[in-house]
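What follows is one structure encoded as structure tokens, with my remarks underneath.
Indexing begins at 1, ligand by ligand and atom by atom, following the structure's order. Residue numbers count from 1 along this sequence.
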Amino acid sequence: MNNIQNNTEISLDMCNKIRAATKLLRAGGTVAFPTETVYGLGADISIPSAVRQIFEIKGRPVDHPLIVHFADISQLQCWAKEIPDLAWKLAEHFWPGPLTLILQRSDRVPVTVTGGQNTVGLRIPDHPIALALLNILGHDSALAAPSANRFGRISPTTANHVREELGDAVDMILDGGACKVGLESTIVGFSGRTAMVLRPGGIPLAALAEVLHGQITLADKRIFTERAPGMLAAHYAPSTPLEICSSEYIWQRAIELETQDQRTVVIARADSTPHQSTNKKIVKFSMPQDPAAYGNILFATLRRFDHQKFDRLLIEMPPDTPPWLAVIDRLKRANCATLHK
Ligand code: TXA
Ligand code: MG
């Protein structure tokens, strides 16, 4: 797509930036770019030194596989082989979109990208800037792009977050504003005739199940860690100590911390915890009731309060129901050590 100026969603200035970004990528550089989920730190998968840089910049272990992003479903067979029918169904229905499929890698995907595995995570992002970048690079190219944060930290959902995380370590940052989903893609793997959600994310389980007529399950924890070695328990961590509390317990805990002179923020859904605190050491922040809207601002909210030098972040546990899976997953991994009643 050399004609990106025809895309009304992209300004002329951004077109020029995207062209400059493709030059950098072809020369083996790294470029952070917006996707609909979170910002990615991109490198051309065919340039080994560029892929190495991603691991170095993020401080990420080299056996932790990267997701490969490409532009068009017609290229799927360039990057994967032995593609199950269920995978085609999902790809046709949800791409471009917040869905990553784990498939057998083709010979064109280097093992350095897949952390030594014979499978590869593939996705077509639903963002005009990401798609323009991939299209200009050409249908023979693909970008490895993990979330553009240091390893173990909160994923960035704005260009400023990327600057905070990576500073000058990345050659260029394309600023596409705030990401519309705000949580990473849903990762789906395949085993025999069933599909399994390995990481809950931007697409709810119910939407996948509808397209696959129920032939999809949530992978149990054990498969989860075997299949996705990157899925360490502790991830998405703010620097401020964080505790996850039930709705019943959260204010009691805040008051307890208050008596220990701790400045605390209580992050809870707007409809819950009606407790009125007059205490200046406790700040209440209301989150949306809708899981997608909640997920959209979760990372930005954690980051914001992390900057404000609180002693403790208390987060109310959302309802234990399927639409909240992705949010609960990120919260637990933001601090798995302190899950309170
Ligand atoms: O929404 C997203 O998926 C974002 C945007 C930038 O596309 N990317 C992202 O990448 O979240 P990253 O690297 O932060 O997380 C990728 C996850 C890791 O947990 C990794 O283990 C898993 O995908 N993964 C990638 N390739 C895999 C493979 N071949 N087998 C199992 N898991 C894989
Ligand atoms: Mg990540």
Side-chain angles (χ1 to χ4, degrees), residues 30-43 45 51 54-55 57-70 79-80 87 94-106 109-127 129-131 133-134 142-157 161-162 165-166 170 174 176 179-191 196-203 219 223-237 295-296 299 326 329-330 333-334:
T30 55
V31 171
F33 61 93
T35 81
E36 79 282 30
T37 58
V38 300
Y39 275 70
L41 171 62
I45 65 165
V51 173
I54 286 189
F55 287 97
I57 292 172
K58 278 188 62 96
R60 175 165 170 146
V62 291
D63 65 349
H64 189 131
L66 305 174
I67 295 177
V68 172
H69 297 66
F70 64 106
W79 314 116
F94 292 105
W95 281 348
L99 173 71
T100 295
L101 299 179
I102 307 294
L103 297 168
Q104 292 302 310
R105 74 174 171 88
S106 77
V109 178
V111 279
T112 43
V113 170
T114 67
Q117 305 193 67
N118 277 327
T119 53
V120 58
L122 289 165
R123 136 171 154 84
I124 303 179
D126 184 18
H127 193 290
I129 294 177
L131 286 172
L133 187 64
L134 290 162
L143 292 176
S147 51
N149 51 280
R150 306 261 174 198
F151 186 64
R153 295 262 311 138
I154 304 167
S155 299
T157 55
H161 297 165
V162 180
E165 284 287 321
L166 306 181
V170 55
L174 291 171
C179 301
K180 71 175 187 225
V181 175
L183 292 181
E184 298 85 348
S185 59
T186 302
I187 301 183
V188 175
F190 301 89
S191 171
M196 281 176 309
V197 171
L198 304 176
R199 177 180 73 182
I203 297 181
I223 300 176
F224 221 103
T225 29
E226 270 170 22
R227 296 253 163 167
M231 308 298 265
L232 304 178
H235 226 85
Y236 310 110
N296 181 248
F299 288 151
D329 170 76
R330 302 308 187 272
R333 285 192 285 131

Check ligand 1 against P146 and write out every atom of the ligand that is under 4.0 Å from a heavy-atom position of the residue.
10 (O), 12 (P), 13 (O)
Verdict with supporting geometry, R330 and E184, salt bridge (charged side-chain N to carboxylate O under 4.0 Å, His left out)
CA-CA 10 Å; R330 302 308 187 272; E184 298 85 348; 2.9 Å; yes
Results of side chain to side chain contact (heavy atoms under 4.5 Å, CB included) for H127 - residues two or more places apart only:
P34, I129, A130
When rounded to the nearest 0.5 angstrom, what is the spacing between CG in N118 and CG in L103?
13.0 Å
Work out whether the distance between some heavy atom of P125 and some atom of ligand 1 is less than 4.0 Å.
no
Looking only at heavy atoms, which two atoms of A43 and V51 are closest? And how far apart?
CB-N, 4.3 Å
Enumerated ligand 1 atoms positioned under 4.0 Å from heavy atoms of Q117:
28 (C), 30 (N)
CZ on F33 to CG on L133, rounded to 0.5 Å
6.5 Å
Non-neighbouring partners of T30 that pass side chain to side chain donor-acceptor pair (under 3.5 Å), sequence neighbours left out:
none
Looking at ligand 1, does any of its N/O atoms fall within less than 3.5 Å of an N/O of S147?
yes
Here the atoms of ligand 1 under 4.0 Å from any heavy atom belonging to I187 are 17 (C), 22 (C), 23 (O)
Among N149, L41, I154, V170, which one satisfies side chain to side chain contact (heavy atoms under 4.5 Å, CB included) with E165?
N149
Close aromatic pair by centroid cut-off 6.0 Å: F151 and H64
yes
Applying a strict 4.0 Å limit to heavy atoms, is V120 in contact with ligand 1?
yes
Need the ligand 1 atom indices (1-based, order shown) with element for anything under 4.0 Å from a heavy-atom of S185.
1 (O), 2 (C), 3 (O)
Establish, from distance only, whether the side-chain atoms of T100 and S185 form a donor-acceptor pair under 3.5 Å.
yes
Where the closest heavy atom to atom 11 (O) of ligand 1 is concerned, which of R199, E36, R60, K58 has it?
R199
Indicate, as side chain, backbone, both or neither, the part of T119 found under 4.0 angstrom from ligand 1 when only non-hydrogen atoms are considered.
both
Does some non-hydrogen atom of H69 fall short of 4.0 Å from ligand 1?
yes
Side chain or backbone, does R123 bring an N or O within less than 3.5 Å of an N or O on ligand 1?
yes
Per-residue contact class, E184 against ligand 1 - non-hydrogen pairs under 4.0 Å
both
What atoms of ligand 1 come within less than 4.0 Å of a heavy atom belonging to T37?
1 (O), 2 (C), 4 (C), 5 (C)
If you take all heavy atoms of A142 and V68, which pair is closest and at what distance?
CB-CG1, 3.5 Å
Heavy-atom distance to atom 26 (N) of ligand 1: which of P156, C179, P65 wins?
P65
Within S147, is some N, O or S atom less than 2.8 Å away from the Mg ion (ligand 2)?
yes
Side chain, backbone, both or neither: which part of A145 comes within less than 4.0 Å of ligand 1 when only heavy atoms are counted?
backbone
